[in-house]
Amino acid sequence: MNDFDYEVIVVGSGAGGAMAAYTLTKKGHKVLMLEAGRDYDPKKESPMFKRNGEAPLMGAGNVDKDFGFYDATVDGGWTVPNEPYTKAEGTEFYWWRARMLGGRTNHWGRYSLRFSEHDFKGKSRDGLGADWPIEYKDIASWYDKTEEIVGICGVNTGLDDMPDASEGILQPPPKPRVPELLVAAAAKKLGIPAVPMRRAVLTRAKDQRAACFYATPCGHGCSIGAAFQTTTSLIPMAKKTGRLQVVTDAMVKEVNVDDRGKVTAVTYIDKKTKEAHTLQARVIILAASACESARILLNSKSERHPNGLANSSGQVGRNLMDSTGVNLGAMIPGLQGRPKYNEDGHTANHLFIPWWGHKMQEKGELDFPRGYHFEIGSGFHQPGAGVSGDLDGYGKSLKDIAKRAYGSYVGLSLRGEMLPNEHSYMEIDEEVKDAWGIPVAKFHWKWSEHELKQVEHGLNTAKAILEAMGAKFTDSLPKAEDAISKGGEIIHEVGSTRMGDSPEDSVTNQWGQTWDCENLFVMDAGVFASNPHKNCTLTIMTLAMRNSSWLAEQLKQGVL
Amino acid sequence: MTSNSDNSMDEKPYKTTLTRRESLKWLGLLSAAVAVPAVISLSGGKTVAETGKAHWPKLSLPQVTGKGYGKDPNLIVPPEAPWPLTLEQQELNTIAVLSDIIVPREGNVPSASEVKVPDVVNEWVSAPYARQQADRLEVLSLVVWLEDEAKLRYDAGFRAITNMERLSIIDDIAYKKAYYTEEYSKPAEAFSRLRSLVLSAFFCTSEGTKDIGYMGNVPIAGDYPGPTKEAMQHLNGLLDQLGLSLSIA
């Protein structure tokens with residue numbers, strides 16, 4: 001590092017950090033990236049074509065590998081060794097982390113839905129939450145540029161919830177599978193559209209990355225680079241410029257300021273030696289994940305910033321949101337014993353149900369303010385540690401039950417927008433430190449009536465769709481408060497350093513630049529002013545590209 | 001009860017005159033029946049009152065001492081023996097017998113033990129994770145219960161009796177009706193757990209995967225082909241039946 005004359009330090013190598021580093025290095029700036037986890041190379045480490053039967057416990061998940069043996073997450077999951085977090089009494093909250101180069105982009109679902117004009121201006125419409133300081137048209141061209149690099153398969157549907165990409169941006173989506181077509185037909189009967197999902201999976205080769213060969217779940221990592229992760233795309237591409245250096249096992253403890261309160265450096269702990277190092281930089285970008293970046297800011301207390309850095313508004317850690325989640329599934333009698341074929345596809349949704357209710361909400365026909373979408377769970381999956389079917393008896397008759405049931409279950413998973421509320425936030429637990437001596441995050445969580453009513457609507461709608469497919473429900477639906485996911489469980493935590501129009505009630509401006517410190521930026525989902533039902537990663541990357549482009553311009557003009 | 005006993009009354013009473021309850025007492029099994037609660041709540045909402053006809057072993061198993069494979073195992077070459085195996089040979093033998101009752105050979109499709117399913121069960125119940133340790137108690141309790149039940153019925157251990165005799169016991173615990181009987185609700189639950197485990201392990205083998213009909217995990221050059229003609233014909237038939245029609249944006 002001594003002879004590497006970097007201008008910018010980026011904390012984090014996931015969606016936001018890698019896009020920021022890529023953008024800045026492409027524009028000629030030297031960047032030093034700090035990653036809290038170990039180095040990771042999907043080309044060598046992705047378990048391609050591995051069968052569950054080859055893994056311990058048939059690949060089943062446990063406290064070591066929450067999402068199964070082959071999940072790409074390294075040293076993470078709902079718990080991270082040596083790095084606890086705490087929860088307020090009565091709070092249930094789960095914080096998924098990864099400690100590896102590329103962060104959570106190595107295992108994410110790759111669903112990549114653009115936020116629409118409704119999503120940026122929710123408060124203007126219904127008076128709830130906060131508006132973003134930008135609108136869709138400010139970011140549309142940046143979505144195009146991001147999607148061009150990331151590689152998104154899907155189509156322009158013309159639906160109000162799914163803004164079109166410019167001509168030539170999207171790659172062709174894979175053909176829908178039988179259960180998805182059945183869902184689409186059933187939804188159509190109820191006036192609900194089902195359309196091709198947009199996903200960060202290449203169906204045509206791009207750069208050094210191959211097209212999908214339709215095998216091996218993307219969550220295992222993708223050695224051929226078809227499923228987007230920063231470790232096979234943005235990071236190697238940025239390194240190729242010669243202007244990016246990466247330090248792994250570097251756990252950032254705080255951002256340092258001078259006597260006047262100006263940001264000068266970051267201090268990190270080298271996890272291998274446990275030694276602290278302080279690195280100066282002209283500009284610092286935090287992209288450590290919404291809650292980790294907020295934790296760093298709150299732990300960066302100084303005389304000038306007694307409540308933590310960039311926290312004059314008191315909003316750091318506040319407005320914490322996740323997506324709502326609930327699942328309803330059923331065995332579809334007509335799918336029992338159906339003809340077999342390879343249903344792997346790109347290993348996730350080829351079709352899904354986008355939010356169809358904007359008009360209904362405008363007319364006041366719904367009793368909840370924000371939308372949701374349904375993801376479809378179905379298919380002839382590779383056998384693992386669980387067998388579907390109403391199992392009874394033994395021998396041939398038992399096997400026949402399992403074989404007929406195979407591929408006959410369809411589940412609808414709701415993913416919905418949550419509004420910020422005063423009971424959902426994170427702070428620092430001054431009583432507990434991690435193994436590196438850094439005070440840990442403490443979570444507070446509560447869903448509001450808005451989310452519960454939305455989930456109730458979703459459960460009823462899912463039931464109606466499944467019934468139209470021939471499913472029979474004997475039990476009544478669960479109550480929304482029992483069925484809704486726990487906070488953090490959908491792994492879409494956002495909002496803890498939100499952007500806004502005013503330093504009074506937001507942490508950064510529209511460029512992710514903190515109001516309090518002009519050379520400190522946040523480029524992860526912490527800056528989201530709201531949490532639309534669409535998965536957050538595409539917008540994290542799009543904002544990071546837009547905002548680091550603006551930052552590059554500031555550097556060029558000597559403003560920073 | 002069998003009536004083929006020629007034992008003298010001194011050693012063992014004439015068994016056909018014994019009630020099941022008395023036999024249980026004689027065999028010392030009833031005193032071990034502590035795991036059966038006075039009222040068993042069942043998923044269907046029905047309850048069974050205990051009248052002393054059931055037996056269920058109360059095992060106190062030593063803690064497994066192995067460690068898990070950790071949060072960063074090698075995914076390319078998964079650990080072959082991630083933790084010490086804990087089943088005794090006799091237990092493994094019973095699991096093998098049960099595995100082949102659950103998944104017997106069918107023509108060219110091998111039985112569960114032929115494709116080493118008992119080894120997977122052993123790895124599973126030996127794993128140092130909460131879910132697996134709960135299963136270990138269930139599975140080992142079942143093994144002991146079968147031994148006791150076989151002695152009760154046939155005066156010999158489960159592995160020593162004939163296959164017909166074994167099936168007469170399994171028939172009493174393998175079907176849903178067993179959940180609602182006092183004698184068999186506990187072994188039926190445990191059998192159900194083992195059944196899922198064995199079936200999963202079987203379908204996870206190459207032979208089992210072929211048997212269930214999974215056709216994926218192979219690379220495809222070019223675009224994903226989608227459903228076959230036959231699969232679409234089936235879907236169209238189903239749509240007609242349900243009064244639905246297709247249309248995708």
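Convention: sequence-line order gives letters A, B, ...; per-chain numbering from 1.
Proximity to chain B is limited to the side chain of A:N62, based on heavy atoms less than 4.5 angstrom apart. In this structure, the portions of B:P219 lying under 4.5 Å from any heavy atom of chain A include both its backbone and its side chain. With a 4.5 angstrom heavy-atom cutoff, A:D71 touches chain B only via backbone atoms. Contact of A:H381 with chain B is made through the backbone alone, with heavy-atom distances under 4.5 Å. Heavy atoms of B:Y129 lying under 4.5 Å from chain A belong exclusively to its side chain. Only the side chain of A:K189 has a heavy atom closer than 4.5 Å to any heavy atom of chain B. Neither the backbone nor the side chain of A:A211 comes within contact range of chain B, judged by heavy atoms closer than 4.5 Å. Both the backbone and the side chain of A:F49 have a heavy atom closer than 4.5 Å to some heavy atom of chain B. Heavy atoms closer than 4.5 Å to chain A are found in both the backbone and the side chain of B:E230. Only the backbone of A:S46 comes within less than 4.5 Å of a heavy atom of chain B; no side-chain atom from C-beta onward does. For A:P193, no part lies near chain B; criterion is any non-hydrogen pair under 4.5 Å. Heavy atoms closer than 4.5 Å to chain A are found in both the backbone and the side chain of B:T228. Residue A:R99: no heavy atom, backbone or side chain, is found under 4.5 Å from chain B. The contact between A:A60 and chain B is made by backbone and side chain atoms together, counting heavy-atom distances below 4.5 Å.
For the options A:T203, A:L182, A:L335, heavy-atom pairs under 4.5 Å to chain B are most numerous at A:L182. Of the listed residues A:R204, A:H220, A:H346, A:E54, the one with more heavy-atom pairs under 4.5 angstrom with chain B than any other is A:R204.
Taking the centre and axis of the six-membered ring of A:F380, the NZ or CZ atom of A:R338 falls inside the cone set by 45° and 6.0 Å.
Remark: the A:R198 side chain and the A:N156 side chain contain an N/O donor-acceptor pair separated by less than 3.5 Å.
The nearest pair of heavy atoms linking A:V410 to A:L466 is O-CD2, 3.7 Å.
Ionic pairing of B:E149 and B:R166 is not present here: no N-O contact between side-chain nitrogen and carboxylate oxygen is shorter than 4.0 angstrom.
For the salt bridge (Lys or Arg N to Asp or Glu O under 4.0 Å) with B:K71, the lone residue among A:D75, A:D64, A:D66 that qualifies is A:D66.
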